[in-house]
Amino acid sequence: MIKAVLIDIDNTLLDFIKSSEKAIEQIFFERGLPYDSHVIEVFKEVNDKLWDQIERSEITKPEMYKLRWKTVLEKLNISYDSDELETVFRSTLSGIAEPVDNAYEMLEYLYPKYPLYTASNSSYEHQKKRLIKSDMIKYFTDIFVSEKVGALKPAKEYFDKCLSLMGDYTPNEIALIGDSLAADITGGNNYGLKTIWFNPDKLEIPDYPKPDYTVSSLLEVLNIL
């Protein structure tokens, strides 16, 4: 029986790409840098690859922050200070919180039934600010992010810390909702949580890691929990 729910933030509750697009367009305009739809395509490609490397423990988040805009600018053939752009990007992004479709409806349904906790690999202040901006923070008992927890999903240590802070739950009493097979589903499965893969692009369900449930819309969660 499920007694509590962990929910990923980026691309599960808040649309990271839509939010990033707004932030990037703003900072490129302010700096007179050339901007078109190709910029966000390159950013998404680079960002996704780097986060995959983080989740496989191949690089650290500080290394990702050094590489992200350096790589993007190189691919775009734009000469600019990548460290400054990374700093401004994260600062601007923290004030933008574009919701994923039906995220509010899911939270409204889950909130009266279960204690809700976020489960994110991002920084605490960044995610807290975005949850406040989106008015989602009111649904959550606590905010678990890698910076606060001291480990990254999918590591066992991440979930050890979450459960120690949540209270008297066993892993099979907790559901984890997330979009990342590597971080959320692999991590949740290995720890014994019930996993719900948010798969809006309707990708093929893998044999490993195999989620307990797969949904293409967050409204489908209402039929599971």
Side-chain angles (χ1 to χ4, degrees), residues 6-17 19-20 24 40-75 82-83 85-87 89-90 93-94 100 117-127 130 143-165 171 174-216:
L6 286 163
I7 310 176
D8 176 52
I9 297 176
D10 283 315
N11 293 326
T12 302
L13 292 175
L14 298 177
D15 192 315
F16 178 79
I17 293 302
S19 300
S20 296
I24 292 168
I40 194 66
E41 291 170 5
V42 170
F43 173 83
K44 183 179 186 304
E45 177 188 357
V46 171
N47 185 73
D48 287 352
K49 286 181 179 178
L50 290 172
W51 272 105
D52 285 344
Q53 289 179 276
I54 286 174
E55 290 167 359
R56 293 194 300 267
S57 300
E58 294 174 358
I59 62 171
T60 64
K61 282 201 293 183
E63 288 172 331
M64 187 272 279
Y65 294 148
K66 289 291 291 184
L67 286 169
R68 180 162 56 184
W69 278 103
K70 180 178 184 293
T71 308
V72 171
L73 292 173
E74 286 174 354
K75 286 180 174 288
S82 60
D83 290 337
L85 207 59
E86 176 64 41
T87 299
F89 169 70
R90 279 188 280 147
L93 183 64
S94 68
V100 169
Y117 302 84
T118 69
S120 170
N121 275 342
S122 190
S123 69
Y124 179 75
E125 288 301 328
H126 175 78
Q127 296 295 45
R130 296 177 72 222
I143 301 169
F144 298 146
V145 297
S146 57
E147 180 184 80
K148 181 179 177 181
V149 170
L152 289 163
K153 296 180 293 182
K156 176 182 181 293
E157 292 78 9
Y158 180 92
F159 296 104
D160 281 340
K161 185 64 173 180
C162 288
L163 263 71
S164 73
L165 293 170
I174 300 169
L176 171 60
I177 305 169
D179 70 296
S180 171
L181 286 170
D184 300 311
I185 306 307
T186 298
N189 283 356
N190 290 344
Y191 203 78
L193 310 180
K194 293 297 182 183
T195 53
I196 301 173
W197 182 33
F198 178 48
N199 178 24
D201 296 328
K202 299 183 179 180
L203 304 174
E204 183 178 352
I205 301 171
D207 291 327
Y208 180 86
K210 195 172 185 67
D212 291 299
Y213 304 94
T214 299
V215 299
S216 59

Problem set entry | Lys61 versus Ser146, side-chain donor and acceptor atoms under 3.5 Å | yes

Problem set entry | Non-hydrogen atoms of Pro171 and Leu193 that approach each other most closely | O-CD2, 3.4 Å

Exercise. Hey, are the side chains of Leu93 and Ser20 touching, using non-hydrogen atoms and a 4.5 Å cut-off?
Worked result: yes

For this session: Look at Lys161 together with Glu157 and state whether they make a salt bridge at an N to O cut-off of under 4.0 Å.
Result: no

Exercise. Given Phe198, which of Asp8, Val100, Asn11 fulfils the side chain to side chain contact (heavy atoms under 4.5 Å, CB included) condition?
Worked result: Val100

Exercise. Looking at side-chain heavy atoms only, is the closest gap between Lys70 and Asp83 below 4.5 Å?
Worked result: no

For this session: Could you check if a side-chain atom of Phe16 sits within less than 4.5 angstrom of a side-chain atom of Asn47, using non-hydrogen atoms only?
Result: yes

Seminar exercise, completed: So the ring pair (Phe, Tyr, Trp, His ring centres under 6.0 Å) pairs with at least one residue in residues 42-68 (sequence neighbours excluded) are Phe43-Trp69, Phe43-Phe89

Exercise. Are side-chain heavy atoms of Tyr117 and Ile143 found at a separation under 4.5 Å?
Worked result: no

For this session: State whether a side-chain donor-acceptor pair under 3.5 Å links Arg130 with Gln127.
Result: yes

Exercise. Are the side chains of Ser180 and Ile185 in touch, meaning some heavy atoms are under 4.5 Å apart?
Worked result: no

Exercise. Can a salt bridge be assigned to the pair Lys153 and Glu55 using a cut-off of 4.0 Å between side-chain N and carboxylate O?
Worked result: no

For this session: May I ask you to test the Asn190-Pro154 pair for a side-chain heavy-atom distance under 4.5 Å?
Result: no

Exercise. Nearest heavy-atom pair of Thr118 and Leu6: which atoms, and what distance?
Worked result: O-CD2, 4.1 Å

For this session: Answer yes or no: is there a donor N or O on one side and an acceptor on the other, between the side chain of Thr195 and the main chain of Asp212, under 3.5 Å?
Result: yes

Exercise. Which heavy-atom pair separates Thr186 from Pro209 by the least distance, and what is that distance?
Worked result: OG1-CG, 3.2 Å

Exercise. Which salt bridge (charged side-chain N to carboxylate O under 4.0 Å, His left out) pairs, counting each pair once, include a residue from residues 187-211, with sequence neighbours left out?
Worked result: none

For this session: Show your reasoning for whether side-chain hydrogen bond (donor to acceptor under 3.5 Å, both in side chains) applies to Tyr191 and Asp160.
Result: CA-CA 9 Å; Tyr191 203 78; Asp160 281 340; 2.6 Å; yes

Exercise. Quick check: does any side chain N or O of Glu147 sit under 3.5 Å from a backbone N or O of Tyr124, one acting as donor and the other as acceptor?
Worked result: yes

Exercise. Which heavy atom in Trp197 sits nearest to a heavy atom in Asp179, and how many Å separate them?
Worked result: NE1-O, 3.0 Å

For this session: Indicate whether the side chain of Thr214 and that of Asn199 have a donor and an acceptor atom separated by less than 3.5 Å.
Result: no

